[in-house]
Enquirer: 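Take a look at the following structure, please.
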Amino acid sequence: MLQFERFTLDNGLKVLVHIDETTPMAAMNIIYDVGARDEEPQRTGFAHLFEHLMFGGSINIPEYDEPLQMAGGENNAYTTNDITNYYIQLPLKNLETAFWLESDRMLSLAFSEKSLDVQIKVVSEEFKEHYLNKPYGDAWHHLRTLAYTMHPYQWPTIGKDLQQIEEAKLDDVKAFFAKHYNPLNAVMCIAGNVNVEEVKILSEKWFGSIPAGNKYNRNIAEEPQQLSAREKTVFSDVPFDAIYKCWHIAARLTPGYYPADLLTEIMGSGYSSRLYQRLVKEQQLFSSLQAYQTGSLEPGLFVVEGKIRDGISLEVADAAIEKEMNLLIADGVTEQELEKSKNKIEAMIAFEDMSLLSRANNLAFYELLGDAELINQEWNRYKAVTTATMQETAKEIFRKENCSTLFYKRKD
């Protein structure tokens with residue numbers, strides 16, 4: 001059980017405190033309730049662009065990294081379709097440095113044409129390197145637009161296309177900041193050998209005077225149920241043909257999410273998984289094959305992706321995956337498979353709890369979902385899943401009409 005206390009500042013900033021008396025370090029994690037799903041279709045990639053802009057200097061602090069490094073700290077950030085997360089770890093005695101740095105960039109970034117141009121160039125190079133020039137790099141651009149027709153999950157966090165990032169204007173960036181980066185739209189967790197009163201004093205001192213901003217009310221189009229199978233074929237200069245198959249699954253906090261996650265473990269996580277054992281090792285149709293789910297807060301995707309061996313057609317490879325999914329629907333999973341998948345999940349949860357930074361991250365994340373106490377209920381939700389639940393979930397997910405398939409073919 002992860003213990004924590006919470007309080008809320010007058011400006012709406014939610015603060016969690018997790019006490020760990022065994023470490024000389026402290027962690028600060030701030031999650032903003034904004035991700036790629038909150039972007040406009042004509043201005044995508046902004047949430048990820050902000051992840052970069054937030055390190056470009058704030059109103060009173062021209063350099064973010066230098067004072068943190070002098071205090072013995074390290075930091076990073078990441079953006080998903082649902083959230084943007086910033087985190088710091090540093091010696092406990094220098095904790096106030098983290099409050100100083102993070103509060104100033106929540107107060108206001110040092111917006112300028114120069115800083116925007118610099119970060120646009122950085123993000124543009126990232127787009128080119130990882131999504132345009134890398135083999136299979138644009139697969140998720142194709143797969144998302146195939147699987148989602150209305151919901152903003154139809155584009156990845158990097159954005160729909162490079163042009164939208166390159167054409168970002170300073171006024172648009174300022175408006176995005178004002179809309180999403182404020183106390184009412186954030187959760188902060190402090191972890192380490194601290195006490196609640198000390199954290200309250202520091203929170204009030206550094207964050208208390210920041211204007212609350214306006215509460216962002218999300219209004220996102222719900223993705224309609226997929227009623228027919230979808231396929232798309234793309235050709236590119238890649239070493240092997242590849243296949244990507246995805247099926248819609250339940251949202252993060254719904255009961256259907258947990259058996260779906262366990263199914264990814266059984267079907268395609270690691271060398272002992274069904275798909276690897278049967279289609280890679282025994283039948284040698286694929287050189288690599290895996291299954292995973294997107295972990296999205298709103299209804300996400302169960303994904304199977306694999307690189308196909310030379311001499312094997314896409315049709316044969318696709319039929320082999322379909323056969324395994326149909327066997328899963330017909331026969332379900334064994335008690336042994338379910339127990340093994342649960343053990344892997346339990347070990348993963350325990351491993352994450354070993355890291356101070358992970359605890360701070362997870363507590364802030366679950367508070368954003370509605371209640372940090374949910375983190376202590378996760379394992380029980382996995383534990384409650386039965387083989388019957390797994391089979392029912394498989395029947396619901398792996399319907400032919402619920403599937404989108406991307407064939408990624410090597411150019412002749």
Enquirer: Is it true that Lys245 and Thr405 share a donor-acceptor pair across their side chains at a distance under 3.5 Å?
Expert: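 Note: Thr405 and Lys245 side chains meet the donor-acceptor criterion.
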Enquirer: If you count the non-hydrogen atoms of other residues, nucleotides and ligands that lie under 6.0 Å from CD in Glu5, is the total more than 12?
Expert: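 No, the 6.0 Å shell around CD holds no more than 12 heavy atoms from other groups.
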Enquirer: Asn193 and Asp20: side chain to side chain contact (heavy atoms under 4.5 Å, CB included), yes or no, with the steps?
Expert: CA-CA 5 Å; Asn193 189 9; Asp20 182 347; over 6 Å; no
Enquirer: Should we say atom CD of Glu222 is surrounded by more than 12 heavy atoms from elsewhere, each under 6.0 Å from it?
Expert: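 It does not: Glu222 CD has 12 such atoms or fewer within range.
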Enquirer: Do we see a donor-acceptor contact under 3.5 Å between the side chains of Thr44 and Gln164?
Expert: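 Yes, Gln164 and Thr44 have a side-chain donor paired with an acceptor closer than 3.5 Å.
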Enquirer: Can you see whether Trp247 engages Gln226 through a side-chain donor-acceptor pair at a distance of less than 3.5 angstrom?
Expert: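 The answer is no; no qualifying pair exists.
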Enquirer: Got more than 12 heavy atoms from elsewhere within 6.0 Å of CG, Asp172?
Expert: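 It does: Asp172 CG has more than 12 such atoms within range.
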Enquirer: Starting from the C-alpha separation in whole Å, work towards a yes-or-no answer on ring pair (Phe, Tyr, Trp, His ring centres under 6.0 Å) for Tyr408 and Phe240.
Expert: CA-CA 9 Å; Tyr408 208 106; Phe240 304 101; over 10 Å; no
Enquirer: Hey, are Tyr78 and Asn361 close enough side-chain-wise for a donor-acceptor pair under 3.5 Å?
Expert: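 The answer is yes; a qualifying pair exists.
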Enquirer: For Tyr32 and Asn182, does a side-chain donor sit closer than 3.5 Å to a side-chain acceptor?
Expert: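 No - no donor-acceptor pair under 3.5 Å links their side chains.
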Enquirer: Do Glu378 and Tyr258 have a side chain donor and acceptor closer than 3.5 Å?
Expert: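 Side chains of Glu378 and Tyr258: pair found under 3.5 Å.
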Enquirer: Just checking, any donor-acceptor pair under 3.5 angstrom between side chains of Glu346 and Tyr382?
Expert: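 No - no donor-acceptor pair under 3.5 Å links their side chains.
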Enquirer: Nearest heavy-atom pair of Ala317 and Ile308: which atoms, and what distance?
Expert: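 Here Ala317 and Ile308 meet closest at CB-CD1, 3.7 Å.
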Enquirer: Around atom CG of Asn380, are there more than 12 heavy atoms from other residues, nucleotides or ligands closer than 6.0 Å?
Expert: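 Correct, the count exceeds 12.
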Enquirer: Any donor-acceptor pair under 3.5 Å linking the side-chain atoms of Tyr131 with those of Glu126?
Expert: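 Side chains of Glu126 and Tyr131: no pair found under 3.5 Å.
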Enquirer: Can you establish whether the number of heavy atoms outside Asp171 located under 6.0 Å from its atom CG is more than 12?
Expert: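 No, the 6.0 Å shell around CG holds no more than 12 heavy atoms from other groups.
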Enquirer: Measure from NZ or CZ of Lys205 to the centre of the six-membered ring of Phe99, then state whether that distance is under 6.0 Å and the direction lies within 45° of the axis.
Expert: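 Not flagged: Lys205 not positioned over aromatic ring of Phe99.
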Enquirer: Quick check: closest heavy atoms across Phe127 and Leu162, and the distance to 0.1 Å?
Expert: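 Heavy-atom minimum between the residues: CZ-N, 3.6 Å.
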Enquirer: I'd like to know if the side chain of Gln154 pairs up with that of Thr149 as donor and acceptor (distance under 3.5 Å, no hydrogens or angles considered).
Expert: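 The answer is no; no qualifying pair exists.
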Enquirer: Do Glu373 and Asn376 have side-chain N/O donor and acceptor atoms under 3.5 Å apart?
Expert: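 The criterion, which ignores hydrogens and geometry beyond distance, is satisfied for Asn376 and Glu373.
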Enquirer: Report the C-alpha separation of Ser203 and Phe7 in whole Å, then their side-chain angles, then the decisive distance to 0.1 Å, and conclude whether the side chain to side chain contact (heavy atoms under 4.5 Å, CB included) test is met.
Expert: CA-CA 10 Å; Ser203 299; Phe7 59 89; 3.8 Å; yes
Enquirer: Looking only at side-chain N and O atoms, does Asp82 offer a donor or acceptor that is under 3.5 Å from a partner on Tyr153?
Expert: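 Judged by distance alone, the side chains do pair up.
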Enquirer: Might you confirm whether atom NZ of Lys344 has over 12 heavy atoms from other residues, nucleotides or ligands at distances under 6.0 Å?
Expert: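 Yes, NZ of Lys344 has more than 12 neighbouring heavy atoms, counting only those of other groups under 6.0 Å.
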Enquirer: Given Trp206 and Glu96, is the side chain to side chain contact (heavy atoms under 4.5 Å, CB included) satisfied, shown in steps?
Expert: CA-CA 9 Å; Trp206 291 105; Glu96 191 164 3; 2.8 Å; yes
Enquirer: Around atom CE of Met348, are there more than 12 heavy atoms of other residues, nucleotides or ligands at under 6.0 Å?
Expert: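 Yes, CE of Met348 has more than 12 neighbouring heavy atoms, counting only those of other groups under 6.0 Å.
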Enquirer: Side chains of Val173 and Leu53: closer than 4.5 Å at any heavy-atom pair?
Expert: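 The answer is yes, as the side chains (C-beta and beyond) meet within the 4.5 Å cut-off.
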Enquirer: Tell me whether the NZ or CZ atom of Arg381 lies within the 45° cone about the ring axis of Tyr257 and under 6.0 Å from its centre.
Expert: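 No, a cation-pi geometry is absent between Arg381 and Tyr257.
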Enquirer: Tell me the closest heavy-atom pair linking Arg274 and Val333, and the distance in Å.
Expert: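 So the minimum-distance heavy-atom pair works out to NH2-CA, 3.7 Å.
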Enquirer: May I ask you to check whether Asn75 and Asp65 show a side-chain donor-acceptor distance below 3.5 Å?
Expert: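 Yes - a donor-acceptor pair under 3.5 Å links their side chains.
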Enquirer: Tell me if the NZ atom of Lys307 is crowded by more than 12 foreign heavy atoms within 6.0 Å.
Expert: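 Above 12, so yes.
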Enquirer: Glu125 vs Lys128, test: salt bridge (Lys or Arg N to Asp or Glu O under 4.0 Å). Steps then yes/no.
Expert: CA-CA 5 Å; Glu125 286 306 310; Lys128 292 172 186 175; 3.7 Å; yes
Enquirer: If you compare all heavy atoms of Lys232 against all heavy atoms of His142, which two are closest, and at what distance to 0.1 Å?
Expert: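 What the structure gives for the nearest pair is NZ-ND1, 2.9 Å.
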